[in-house]
Amino acid sequence: MEPFFKKLLAMDRRWIFLALGLAVIFPTFIHLNLPGLKPSPNVTAVYDLIEGMPEGSKVLVSFDFDPASKPELAPQGVAVLRHLFRKKHKVVAMGLWVTGVTMAKDIVTRSAKESNAKYGEDYVYLGWKPGNFAVIENMAGDIHGCFPKDNDGNETASLPLMKGIHKLAEFDLVVSLAAGSPGIDTWIAYGSDKYHFKMTGGTTAVNVGSMAQYVQAGQMVGLIGAMRGAAEYELLIDKRADAAAGMDAISLGHYLIVIFVLLGNIAYFVTRPRKGGA
Amino acid sequence: MEIFGAWLAVGLTLFMFSFLYKDNPFYKVGENLYVGITIGYFVIQLWYKTWIDKVWDVLKGEAHDRFLVLIPVVIGILLLTRFVPKISWMSRWAFAFVIGYGSGLAIPATLTTSVVIQAQATAKPLITMPDKSEAAAKATEGAKANAEKVAAAPAPAGETTEAKAKREEGVRVARYKYLNARSQSEYSFLTAYKDFTTIVIFVGVFSVLFYFFFSIEHKGPVRVFSRIGILFLMIYFGASYGNTVMGRLSLLYGRILDLKDYSRPMYGCATPVILVLMIAFLAFLHVKNKGKEEEHAA
């Protein structure tokens, strides 16, 4: 066995890249429908929060990510927006990441079109403003002053939906879908903790650990974690889409990595020099 | 235009992925374009969203205090004096403003959010006292009735596998809500589980803090406790790594979906065409470089 494991340890790592690539590509052609996808308490909490709000509630959705995190966070955005529009809530969208402005607009517009939501009355896309936390502080005092125009150049004050919203605290809920900072932590520190509005959100897999502390401390309600969280949300709103379809690929990739980790460890123990050996 | 976008997206994705093979000209082109386009995009957004919206339009307006906007503009321009060594000292005023304003906002907010509230959440009672109020009992009864109603609902005729899974999920969620409500009003298994979680958090926080205590020697009980801290750290690192793997695989899946989508004839079969061209060029480059190496060796 030892020569085999020695060869394994010396193997060109590009074979691992290839194997992983094939494992992720395979389920895009043949759907395996692997079992095990169930809504977790954190995702259910976000769903219950939106589901329980009275019709016409005002919700701010902040797209705090860029195309680099699109596969993880765009499905979350689509699922949450579908739910919000289905419940006839009023959506104001924006973003704190400059490189995500156009992508966020595309997500909002597509979701709104699908739900026959009317621009200016059912939803508004404000776009981006520089300043990270300063934007939140500014919005807390005067949203119209912070965003005098929406992303398309319309006067914000002239939009029917925005006529009834002047301060951040007037929103019934703020949702931040964030890939890092500025994001959920910024909204909590400069927004919800200070001006006392309800806060929830979603984040990438890398950030789930650091954002979960805010859920535990009651600073936000629930948390949608990565593509898996998006798939759970799709399950809850009964509309399976990109994220649910991607779970097979992710699972196969995970199985493969676990096998590689185990093989690597076995190879290490089999091939390591023994005590007193040559 | 859509076909051009598809070819661009496929080309740049494959250029970046080609680094997995080895550093090559395609990757270099992709890398430099990424940096350049990001900065260009940022400048354009900044121009329209800040200069036009927040300065130019304000100055063109009729508000009596419109010229106040020139104060931050001047402070901003002072930052640019860094490029002129003789007057670069003026940029310090702008930096002083930025740092003062930033620190003034950040320090109290961060302390409240990340220290005070987190500490409060950690210092929870280790044992939960059941809520014996009438409201809590009523909430439990309501949740119980709902769970029973959902569980007793008959399956519709011709139910699909997906609909069945959804219905069963509904039963599970209703049951969980009932158990959760019951755990508030009486001491149940779920309450014990929640208390156990609180105790784990308590032990985790303090043992990790002990591990980073360097002013006392780690021996005896302190050593044992700090070792427990290491275990917690290891679990955190493992979970972090697992999450990172999941995140990276999601990103890979996202790109592969796009590549698959753009391989359709309506996009001019962008993916297979570019892939074949790239492989051919890399193979040519490989043969050419091998020839050069052999010449060198000779």
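Below, each value reflects all heavy atoms present in this structure, side chains not excepted, and no hydrogens, waters or symmetry copies. Numbers restart at 1 for each chain; the letters A, B, ... are given by sequence-line order, proteins then strands.
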Based on non-hydrogen pairs under 4.5 Å, which of [options] is most in contact with chain B?
| options | answer |
| --- | --- |
| A/Ala249, A/Gly246, A/Gly253 | A/Gly246 |
| A/Thr204, A/Ile25, A/Asp185 | A/Ile25 |
| A/Ala68, A/Gly153, A/Pro39, A/Gly209 | A/Pro39 |
| A/Met247, A/Arg240, A/Arg228, A/Lys194 | A/Arg240 |
| A/Asn151, A/Asp12, A/Val208, A/Leu18 | A/Asn151 |
| A/Gly127, A/Ala226, A/Pro148, A/Pro130 | A/Pro130 |

Inter-residue atom distance [X].[atom1] - [Y].[atom2], 0.5 Å rounding:
| X | Y | atom1 | atom2 | value |
| --- | --- | --- | --- | --- |
| A/Asp193 | B/Ile117 | CG | CD1 | 3.5 Å |
| A/Phe29 | B/Ile256 | CZ | CD1 | 9.5 Å |
| A/Asn207 | B/Thr244 | CG | OG1 | 9.0 Å |
| B/Leu251 | A/Met227 | CG | CE | 8.0 Å |
| B/Asn243 | A/Thr203 | CG | OG1 | 10.0 Å |

Can you name the closest pair of heavy atoms from [X] and [Y] and give their distance?
| X | Y | result |
| --- | --- | --- |
| A/Phe133 | B/Gly102 | CZ-CA, 4.1 Å |
| A/Ala217 | B/Gln118 | CB-NE2, 3.7 Å |
| A/Pro71 | B/Ser250 | CB-O, 3.3 Å |

In terms of heavy-atom proximity below 4.5 Å to chain B, should [X] be classed as side chain, backbone, both, or neither?
| X | result |
| --- | --- |
| A/Ile188 | both |
| A/Ala134 | both |
| A/Ser192 | neither |
| A/Ala74 | neither |

Please output the residues of residues 135-143 of chain A in contact with chain B, using a heavy-atom cutoff of under 4.5 Å, in numerical order.
A/Glu137, A/Asn138
Evaluate the side-chain proximity of [Y] to [X]: yes if any heavy-atom separation is below 4.5 Å, no if none is.
| X | Y | result |
| --- | --- | --- |
| A/Leu20 | B/Leu249 | yes |
| B/Leu46 | A/Trp128 | yes |
| A/Thr99 | B/Gln45 | no |
| B/Leu20 | A/Arg14 | no |

Of the listed B/Gly247, B/Ala239, B/Ala121, the one with the largest count of heavy-atom pairs under 4.5 Å with chain A is B/Gly247
Determine the option with the most heavy-atom pairs under 4.5 angstrom with chain A, choosing from B/Ala106, B/Pro108, B/Ser114.
B/Ala106
Are there over 12 heavy-atom neighbours, none belonging to [X], within less than 6.0 Å of that residue's [atom1]?
| X | atom1 | result |
| --- | --- | --- |
| B/Lys260 | NZ | yes |
| B/Tyr193 | OH | no |
| A/Phe17 | CZ | yes |
| A/Phe260 | CZ | yes |

So for [X], is it side chain, backbone, both, or neither that comes closer than 4.5 Å to the heavy atoms of chain A?
| X | result |
| --- | --- |
| B/Ile201 | side chain |
| B/Asp57 | side chain |
| B/Leu257 | side chain |
| B/Ser240 | neither |

Could you tell me whether the side chain of B/Lys54 and the main chain of A/Gly145 form a donor-acceptor pair under 3.5 Å?
yes
Using a 3.5 Å distance criterion without hydrogens, assess whether the side chain of A/Gln219 forms a donor-acceptor pair with backbone atoms of B/Thr113.
yes
Those residues at least two apart in sequence (or on a different chain) that pass ring pair (Phe, Tyr, Trp, His ring centres under 6.0 Å) with B/Tyr253 are none
Residues forming a ring pair (Phe, Tyr, Trp, His ring centres under 6.0 Å) with B/Phe17, sequence neighbours excluded
none
Using a 6.0 Å distance limit plus a 45 degree cone around the ring axis, check whether A/Lys149 lies over the aromatic ring of B/Tyr48.
no
Given side-chain contact (heavy atoms from CB on, under 4.5 Å), test B/Lys49 with A/Val98 step by step and report yes or no.
CA-CA 10 Å; B/Lys49 305 288 175 190; A/Val98 64; over 6 Å; no
Please set out all donor-acceptor pairs under 3.5 angstrom arising from side-chain atoms of residues 172-179 of chain B, sequence neighbours excluded.
residue: B/Arg172; atom: NE; partner: B/Glu169; partner atom: OE1; Å: 3.4
residue: B/Arg172; atom: NH2; partner: B/Glu169; partner atom: OE1; Å: 2.9
residue: B/Lys177; atom: NZ; partner: A/Asp48; partner atom: OD2; Å: 3.4

